[in-house]
Amino acid sequence: MQVDKSSVIPIYHQLKKLIQASIDNGDYPEGTCLPSEREFCLKYAISRMTVRQAISELVNEGLLRRERGKGTFVAKPKLNQRLSVLSSFTEDMAMKNMIPGAQLLSFNIIKAVGLIRENLYLSDNDDVYEIKRLRLADNEPMAIETSHIPVRILPNLKQNQIQQGSLYAFLKKNGIIISHGQQNIEASLASQQEAEQLHIRRNAPVLLIARTVYDEHGTPIEYVRSVYRGDRYRFTIQLNARKD
Ligand code: 16G
């Protein structure tokens, strides 16, 4: 395929689409080193600036990654998560045929304050468990999740009971059935500590997710704040047309 210089579509955009197609059809599999900027210039008879713009945008979109001194490589495809169902990290990984992992980073009992208190419908003096976990997919760090669960829901919870494995499966085993929830997502940048835990660079884009889940009686069970890797996650939402 060639670029069409007479087209109204900017050349950098056409090159982007060509590279994207080569990734999609397997010509450039994951981990492949992309031809150099010079090679692209010669192949398509276009300027280096045009090549640079196409590649930079693909890097920003997460399709390519740059390694200093080595070149530009085809990145791992992002994990696509649908947001229409309330599922656990473990269930999401099972659907993708990936091995879920949970590493407990900290476990504390704290007083419910601010958004934690508000979202869990608690009073100032109520205690919550604060459970911070690193989530892994096939051993690769994906997210840091900080869950808050009212102590009165599980008065005797001990750290070793949730050291590994699925939190939602543990809740279910204890008679707590999660029924519905709400979640919001916003963009942010990784702090130094988050970057170290997630194996990304400081200030890399991340997605902040806040989720409140309720049991079948409408009692809030968990308020969780998570930091998901922006380079590894994409969330998809099903939209239905307005009925009015
Ligand atoms: C999901 C939830 C998190 C929950 C976890 C339980 C988001 C943003 N977060 O990752 O709230 O604590 O599932 O997973 O979706 P688990 O049962 O595998 O521990």
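Counting starts at 1 for both ligands and their atoms, in listed order. Counting begins at 1 with the first residue of the sequence.
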Ligand 1 N/O within reach of [X] N/O, cut-off under 3.5 Å:
X: Arg135; result: yes
X: Phe89; result: yes
X: Gln81; result: no

What protein heavy atom is closest to [atom], reported as residue, atom name and distance in Å?
atom: atom 11 (O) of ligand 1; value: Val224 CG1, 2.8 Å
atom: atom 12 (O) of ligand 1; value: Glu222 OE2, 2.7 Å
atom: atom 8 (C) of ligand 1; value: Ile209 CG2, 3.5 Å
atom: atom 17 (O) of ligand 1; value: Ser166 OG, 2.5 Å
atom: atom 2 (C) of ligand 1; value: Arg211 NH1, 3.4 Å

How about [X]: does its [atom1] atom have over 12 heavy atoms from other parts shown lying under 6.0 Å from it?
X: Lys111; atom1: NZ; value: yes
X: Asn139; atom1: CG; value: no
X: Arg48; atom1: CZ; value: yes

| Do any heavy atoms of Ser147 fall under 4.0 Å from ligand 1? |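 Yes, that is the case, since the closest heavy atom of the residue is under 4.0 Å from the ligand.
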| request: Say whether Phe170 and ligand 1 are in contact under the criterion: heavy-atom distance to a ligand atom below 4.0 Å. | output: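 It does not; every heavy atom stays at 4.0 Å or beyond.
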[X]-[Y] side chain donor-acceptor pair, cut-off 3.5 Å:
X: Ser56; Y: Arg66; result: yes
X: Gln53; Y: Thr50; result: no
X: Tyr168; Y: Glu222; result: yes
X: Ser123; Y: Asn125; result: no

| What part of Thr90, side chain from CB on, backbone N/CA/C/O, both or neither, has a heavy atom under 4.0 Å from ligand 1? |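 Both parts.
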| task | For ligand 1, note which part of Glu145 has a heavy atom under 4.0 Å away: side chain, backbone, both or neither. | result |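 Only the side chain of Glu145 comes within reach of ligand 1.
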| query | When Ser147 is tested against each of Leu167, Val213, Ile162, Ile221 for side chain to side chain contact (heavy atoms under 4.5 Å, CB included), which residue passes? | reply |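 The single option meeting the side chain to side chain contact (heavy atoms under 4.5 Å, CB included) with Ser147 is Leu167.
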| query | Looking only at non-hydrogen atoms, which of Leu167, Thr146, Thr212 approaches atom 16 (P) of ligand 1 most closely? | reply |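 Considering heavy atoms of Leu167, Thr146, Thr212, the nearest to atom 16 (P) of ligand 1 sits in Leu167.
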| Using the ring of each side chain (for Trp, its six-membered ring), is Tyr233 parallel, tilted or perpendicular to Tyr228, with breaks at 30° and 60°? |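 Rings of Tyr233 and Tyr228: perpendicular, as their planes differ by over 60°.
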